[in-house]
Amino acid sequence: METIRSDVAARESYGFTAEASERKSARELLVQHLGRCANRAGLSSGLKALTDYVSASHYLLVRHDVSPEAGLETVVASDWPFDMVRTISGAVIASQSRMSELDKCLGLLKPCFHHLADDVAVPKGTSREYCVIAFHVGRVRMSLLLLFPEHFILSQSKLRDVGVMTGYFASVCCQGAILRHDREMELTEREIECLYWIAEGKTSDEIAVILGISRNTINNYITSVMRKTATKTRSEAIAWAVRNSLV
């Protein structure tokens with residue numbers, strides 16, 4: 001009975017009457033609600049509805065196309081306590097950057113669970129275990145992080161639903177901002193040339209001879225590439241270029 005009442009309350013929170021709720025499943029009603037929130041202004045409302053659907057208590061949406069040093073610039077939307085966001089967002093981005101390309105692909109839309117460090121203060125009654133679901137919006141990898149009440153039994157099927165629906169929802173709400181960011185971060189022809197020769201195993205000195213410019217200029221191009229692609233090493237930059245069919 002408690003479950004039935006909570007389901008009705010969740011459905012009514014989407015703006016539907018109890019009578020309408022009897023005729024449609026919670027999943028169908030959630031999809032309709034996300035359709036009404038499908039713009040940048042409705043992002044928080046839609047994420048809150050997704051959070052409620054899986055009975056989570058807090059959401060944090062981050063993007064992985066910026067460096068871990070960017071801090072809060074990685075955060076797209078959140079209702080986590082600010083101190084928690086500041087503590088964990090950089091660590092999440094850093095952990096993703098250490099993953100191999102194969103692991104990143106295998107981890108898409110797969111709920112993964114992690115534990116917060118003991119020195120991280122969590123809201124009262126909230127579990128220290130959190131769930132991460134990764135997905136892509138265009139070429140940008142994003143993750144939804146969910147906190148749950150203590151001792152709550154999770155529904156794996158609902159978590160998978162949330163991963164898929166968050167991916168579609170974020171693609172509608174965030175696509176414009178991501179496309180603008182992509183244009184700002186587009187590589188120049190010279191930077192792509194440098195990536196190509198790095199992939200061929202050439203050193204900065206050798207590339208400088210090939211392109212007829214100084215070694216320092218080559219290094220500046222490579223530094224710019226790594227900044228734009230949020231990579232830390234030449235090998236990571238090559239992997240990014242291969243993934244995006246640039247070399």
Side-chain angles (χ1 to χ4, degrees), residues 9-16 24-68 70-93 96 104 107-112 114 122-123 126 130-149 154-155 158-185 230:
R11 293 168 186 177
E12 290 181 338
S13 73
Y14 302 150
F16 295 95
K24 294 187 177 181
S25 69
R27 189 178 187 278
E28 291 173 320
L29 294 172
L30 173 60
V31 170
Q32 290 183 24
H33 179 73
L34 294 177
R36 296 200 301 269
C37 298
N39 55 66
R40 185 70 182 180
L43 180 62
S44 295
S45 177
L47 290 173
K48 183 64 171 67
L50 286 159
T51 302
D52 291 341
Y53 173 75
V54 78
S55 299
S57 57
H58 298 78
Y59 66 84
L60 170 62
L61 182 64
V62 298
R63 56 190 299 170
H64 300 289
D65 59 329
V66 292
S67 66
L72 296 179
E73 291 181 20
T74 62
V75 177
V76 179
S78 172
D79 66 353
W80 286 35
F82 178 74
D83 287 343
M84 289 186 67
V85 175
R86 186 171 54 187
T87 300
I88 198 173
S89 58
V92 171
I93 300 298
Q96 289 283 321
K104 288 180 180 179
L108 284 176
L109 300 177
K110 179 181 178 181
C112 299
H114 305 273
V122 300
T126 301
Y130 64 97
C131 178
V132 180
I133 308 174
F135 54 90
H136 276 140
V137 174
R139 294 186 300 176
V140 176
R141 186 180 179 87
M142 304 180 79
S143 289
L144 178 68
L145 285 69
L146 297 171
L147 291 175
F148 292 88
L154 304 177
S155 166
K158 281 191 173 183
L159 283 173
R160 288 190 290 271
D161 280 349
V162 163
V164 173
M165 286 190 278
T166 303
Y168 280 111
F169 181 62
S171 69
V172 173
C173 294
C174 304
Q175 191 67 48
I178 287 172
L179 287 174
R180 286 195 299 273
H181 182 271
D182 285 349
R183 286 194 294 270
E184 292 169 1
M185 304 304 280

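No hydrogens, no waters, no symmetry mates; every other heavy atom, side chains included, goes into these values.
A170 approaches F135 most closely through the heavy-atom pair CB-CE1, 4.0 Å. The minimum heavy-atom distance between K104 and R141, with the atom names listed, is O-NH1, 3.0 Å. Annotation for C131 and P111: closest pair SG-CB, 3.8 Å, computed over non-hydrogen atoms. Between S171 and V137, the closest heavy-atom pair is CA-CG1, 3.6 Å. The two atoms that bring V54 and F148 nearest to each other are O-CE2, 3.6 Å, heavy atoms only. Residue A77 comes nearest to L47 through the heavy atom pair CB-CD1, 3.7 Å, listed as atom of the first residue, atom of the second, then distance.
A distance of 9.5 Å separates CG in L50 from CD1 in I133, rounded to the nearest 0.5 Å. The structure places CG of L147 at 6.0 Å from OG1 of T126, a figure rounded to the nearest 0.5 Å. Atom OG of S25 is separated from atom CG of L30 by 9.0 Å, given to the nearest 0.5 angstrom. Taking CE of M165 as the start and CG of L34 as the end, the distance is 6.5 Å to the nearest 0.5 Å. Atom CG of L61 and atom SG of C173 lie 10.0 Å apart (nearest 0.5 Å). Atom CD1 of I88 and atom OG1 of T74 lie 11.0 Å apart (nearest 0.5 Å).
When side chains are defined from C-beta on, L60 does not count as touching Y130, because their heavy atoms never get closer than 4.5 Å. The shortest distance between side-chain heavy atoms of P123 and M84 falls below 4.5 Å.
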In sequence, state the C-alpha distance, the side-chain angles, and the governing distance for S78 and H58, and then conclude on side chain to side chain contact (heavy atoms under 4.5 Å, CB included).
CA-CA 8 Å; S78 172; H58 298 78; over 6 Å; no
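Note on D161 versus R27: salt bridge recorded, some NZ/NE/NH1/NH2 to OD/OE distance being below 4.0 Å. Under a 4.0 Å N-O distance rule, the pair R86/D83 qualifies as a salt bridge.
Looking at T51, its side chain never comes within 3.5 Å of a backbone N or O of A56 through a donor-acceptor pair. A donor-acceptor pair under 3.5 Å is formed between the side chain of D79 and the backbone N or O of Y59.
A cation-pi arrangement is present between K158 and Y53 under the rule of less than 6.0 angstrom and at most 45 degrees off the ring axis.
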